[in-house]
Amino acid sequence: MASSMLSLGSTSLLPREINKDKLKLGPSGWNPFLRTKSLSRVTMSVSVKPSRFEGITMAPPDPILGVSEAFKADTNELKLNLGVGAYRTEELQPYVLNVVKKAENLMLERGDNKEYLPIEGLAAFNKATAELLFGAGHPVIKEQKVATIQGLSGTGSLRLAAALIERYFPGAKVLISAPTWGNHKNIFNDAKVPWSEYRYYDPKTIGLDFEGMIEDIKEAPEGSFILLHGCAHNPTGIDPTPEQWVKIADVIQEKNHIPFFDVAYQGFASGSLDEDAASVRLFAERGMEFFVAQSYSKNLGLYAERIGAINVVCSSADAATRVKSQLKRIARPMYSNPPVHGARIVANVVGDATMFGEWKAEMEMMAGRIKTVRQSLYDSLVSKDKSGKDWSFILKQIGMFSFTGLNKAQSDNMTNKWHVYMTKDGRISLAGLSMAKCEYLADAIIDSYHNVS
Ligand code: PLA
């Protein structure tokens, strides 16, 4: 027993070059005095050995998820986390949708197993997700022109598409909006896909720089990928109008570009799944080939389940079959096959008329709460700020976020002085705001805007 303890210690603690002889073990192999002495020698030799990881420097915190870490560390009771886009109740608590709990209970009752999914994911999920996006019975679905595979939520799905681009469109550039969700750049960098920006946000009008956007898309080399936010643009909350979407589709078609939609907020922007898919459907109606990444983090509150999909709309069923086979080939060595839990939740909810109805009602409720706090924040700003500044841009923005226009120093003031945690680009997540906190937030914004430059 004692000797096995020592041998355990020697295997886990000793560097390879120290052998048993050097430790002067007694016949039984156990001497408490020697053990202590030996171990202290060992500890010393371990501590002076240089690490193989000396060359690895400290990575900076993530600009979005790092905000949650900083928030957790703050002990001030006034603190408010408006960093990550995660829905909270009026009591500022995370929210699990009732319909999700119902679907999970059903799964338990049925005794669903935990077998591996196929590489492309759960068939019932893939069918449901494409139908939610394009509308059931859409010609691209009926004619089997969509290659859909389940991905690790929006991020993982974007990453699969980026890998496909890198492999089959070498040198092609992806154009992303300026600004965009911070992780887009990381995703294309890691996939070794070159990217550049197209103009999108105009700080002068606090609106869309539509002319600039069109010009930049026109100027991009033919056959570029154009990354578009399907709805509720992150971080600006500014979407093109339906007429502008038509013009965007025109230029993309003229230049033979390939649209690449990121749909992370379907149903969460307007409260309607169909309305929020209008941009994607416009492109599908034109018979274009394009990519769409989807996420169920926000609209079904399945953040940690990592459930989403990548869809590639092709001009023939044959092309779709080939594209799907290559997406699977990319997924297999990365993570083998996707997790089943979230996929079953989505498939169950969408596949049952009653639950589907309940989901829509809960989505409307969440989208509605965000709209209510948006209005209340605006009202507080207008009543408290006597400078005459026009705050109406807040009401024009849609989705979970408001792009306040606060610069880095002003955003720092929000956090350091007011304990309001937000990203340094001036974005606040209204999904993390309650009615009770609107006045406090308005005070913080007014102070930061007027007193910090
Ligand atoms: N695409 C956009 C435009 C997003 O805003 C997000 C999430 C995703 C994709 C990916 O989400 P998923 O992988 O969970 O499906 N953006 C969040 C969270 C809500 C984050 O940064 O990861 C945000 O706060 O911006």
Side-chain angles (χ1 to χ4, degrees), residues 78-95 97 201-203 205-208 229-242 264-276 278 298-299 301 359-406 410-411 414 418-423 425-450:
L78 291 170
K79 69 178 181 174
L80 192 55
N81 189 1
L82 309 182
V84 69
Y87 183 81
R88 297 283 178 265
T89 62
E90 186 55 32
E91 292 70 41
L92 297 183
Q93 294 307 307
Y95 179 63
L97 275 72
Y201 174 72
D202 183 352
T205 60
I206 319 189
L208 180 63
H229 298 221
C231 63
H233 183 271
N234 178 6
T236 65
I238 302 159
D239 283 355
T241 63
Y265 300 94
Q266 190 182 352
F268 217 76
S270 67
S272 153
L273 283 165
D274 291 322
E275 216 174 291
D276 290 351
K298 272 66 73 171
N299 55 11
W359 178 30
K360 287 180 183 169
E362 284 191 274
M363 205 149 41
E364 264 174 48
M365 178 278 289
M366 292 189 287
R369 197 189 84 72
I370 297 170
K371 284 181 193 162
T372 311
V373 289
R374 188 184 282 286
Q375 179 69 49
S376 167
L377 173 63
Y378 169 78
D379 293 344
S380 299
L381 283 166
V382 169
S383 74
K384 283 168 178 280
D385 183 19
K386 306 295 175 210
S387 74
K389 178 179 164 57
D390 180 8
W391 295 99
S392 64
F393 66 88
I394 290 183
L395 295 182
K396 292 186 196 127
Q397 298 168 342
I398 63 162
M400 290 182 127
F401 301 110
S402 178
F403 205 47
T404 60
L406 294 176
Q410 292 164 336
S411 303
M414 294 283 287
W418 293 87
H419 305 272
V420 175
Y421 287 78
M422 58 188 285
T423 53
D425 57 1
R427 183 190 87 169
I428 52 175
S429 167
L430 297 176
L433 179 63
S434 61
M435 291 294 279
K437 287 281 192 176
C438 283
E439 290 216 3
Y440 178 77
L441 179 61
D443 287 334
I445 292 176
I446 292 166
D447 173 56
S448 306
Y449 180 76
H450 291 297

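Note that the numbering runs from 1 along the sequence shown for the chain.
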- Message: For Leu433 and Cys438: C-alpha separation, side-chain torsions, deciding distance, then whether side chain to side chain contact (heavy atoms under 4.5 Å, CB included) applies.
- Response: CA-CA 7 Å; Leu433 179 63; Cys438 283; 3.9 Å; yes

- Query: Got Val84 and Ser429 here, is their nearest side-chain heavy-atom distance under 4.5 Å?
  - Reply: no

- Task: Provide the closest heavy-atom pair for Tyr95 versus Tyr87 in the form atom of the first, atom of the second, distance.
- Result: CB-CD2, 3.8 Å

- Message: I need the minimum non-hydrogen distance between Arg369 and Ser434, along with the two atoms involved.
- Response: NH1-CA, 3.9 Å

- Message: Between Asp239 (side chain only) and Ala232 (backbone N and O only), is there a donor and an acceptor less than 3.5 Å apart?
- Response: yes

- Item | Any donor-acceptor N/O pair, Lys371 side chain to Ser270 backbone, under 3.5 Å | yes

- Message: For Arg427 versus Asn234, what's the shortest heavy-atom pair and its separation?
- Response: NH1-OD1, 2.7 Å

- Message: Measuring only between side-chain heavy atoms, which start at C-beta, is Trp418 closer than 4.5 Å to Leu80?
- Response: no

- Query: Once you round to the nearest 0.5 Å, how far does CG of Leu78 lie from OH of Tyr440?
  - Reply: 4.5 Å

- Task: Provide the closest heavy-atom pair for Ile238 versus Ile206 in the form atom of the first, atom of the second, distance.
- Result: CD1-O, 3.7 Å

- Item | Glu439 side chain to Ser380 backbone, donor-acceptor under 3.5 Å | no

- Query: Are Ser272 and Asp274 linked by a side-chain donor-acceptor pair shorter than 3.5 Å?
  - Reply: no

- So do Leu82 and Met414 actually touch side chain to side chain, heavy atoms under 4.5 Å? no

- Note on the structure: Residues Cys231 and Ala269: closest non-hydrogen pair is SG-CB, 4.2 Å

- Item | Reported CD1-to-CG distance for the pair Ile394 and Leu377, which is rounded to 0.5 angstrom | 4.5 Å

- Backbone N or O of Leu273 within a donor-acceptor pair of the Gln266 side chain at under 3.5 Å? yes

- For atom OH of Tyr449, decide whether the heavy atoms of other residues, nucleotides or ligands shown that lie under 6.0 angstrom number more than 12. no

- So CD1 of Ile445 and CE of Met422: to nearest 0.5 Å the spacing works out to 7.0 Å

- Are the side chain of Ser448 and the backbone of Ala444 linked by a donor-acceptor contact shorter than 3.5 Å? yes

- Rounded to the nearest 0.5 Å, what's the gap from CG on Leu92 to CG on Asn81? Could you check? 9.5 Å

- Message: Could you go through His450 and Asp385, starting from their C-alpha distance and side-chain angles, then the distance that decides it, and tell me whether this counts as side chain to side chain contact (heavy atoms under 4.5 Å, CB included)?
- Response: CA-CA 10 Å; His450 291 297; Asp385 183 19; 3.1 Å; yes

- Beyond-backbone contact of Leu208 with His233, side-chain heavy atoms, under 4.5 angstrom: no

- Task: Nearest 0.5 Å please: distance from the CH2 atom of Trp391 over to the OG atom of Ser402.
- Result: 9.5 Å

- Query: side chain to side chain contact (heavy atoms under 4.5 Å, CB included) between Thr205 and Phe393: does it pass, once the steps are laid out?
  - Reply: CA-CA 9 Å; Thr205 60; Phe393 66 88; over 6 Å; no

- Task: Compare every heavy atom of Arg374 with every heavy atom of Leu430, then report the nearest pair and how far apart it is.
- Result: CD1-CZ, 3.5 Å

- Task: For residues Leu381 and Lys389, determine if any side-chain heavy atom of one lies less than 4.5 Å from a side-chain heavy atom of the other.
- Result: no

- Point-to-point distance, once rounded to the nearest 0.5 Å, from CG of Asp425 to OH of Tyr201: 10.0 Å

- Query: Where the side chain of Lys386 meets the backbone of Ser383, is there a donor-acceptor pair that is under 3.5 Å apart?
  - Reply: yes

- Do Asp276 and Asn299 come within less than 4.5 Å of each other through their side chains, counting heavy atoms only? no

- Mark yes or no for whether Lys360, through its side chain, and Gly267, through its backbone, hold a donor-acceptor pair below 3.5 Å. no

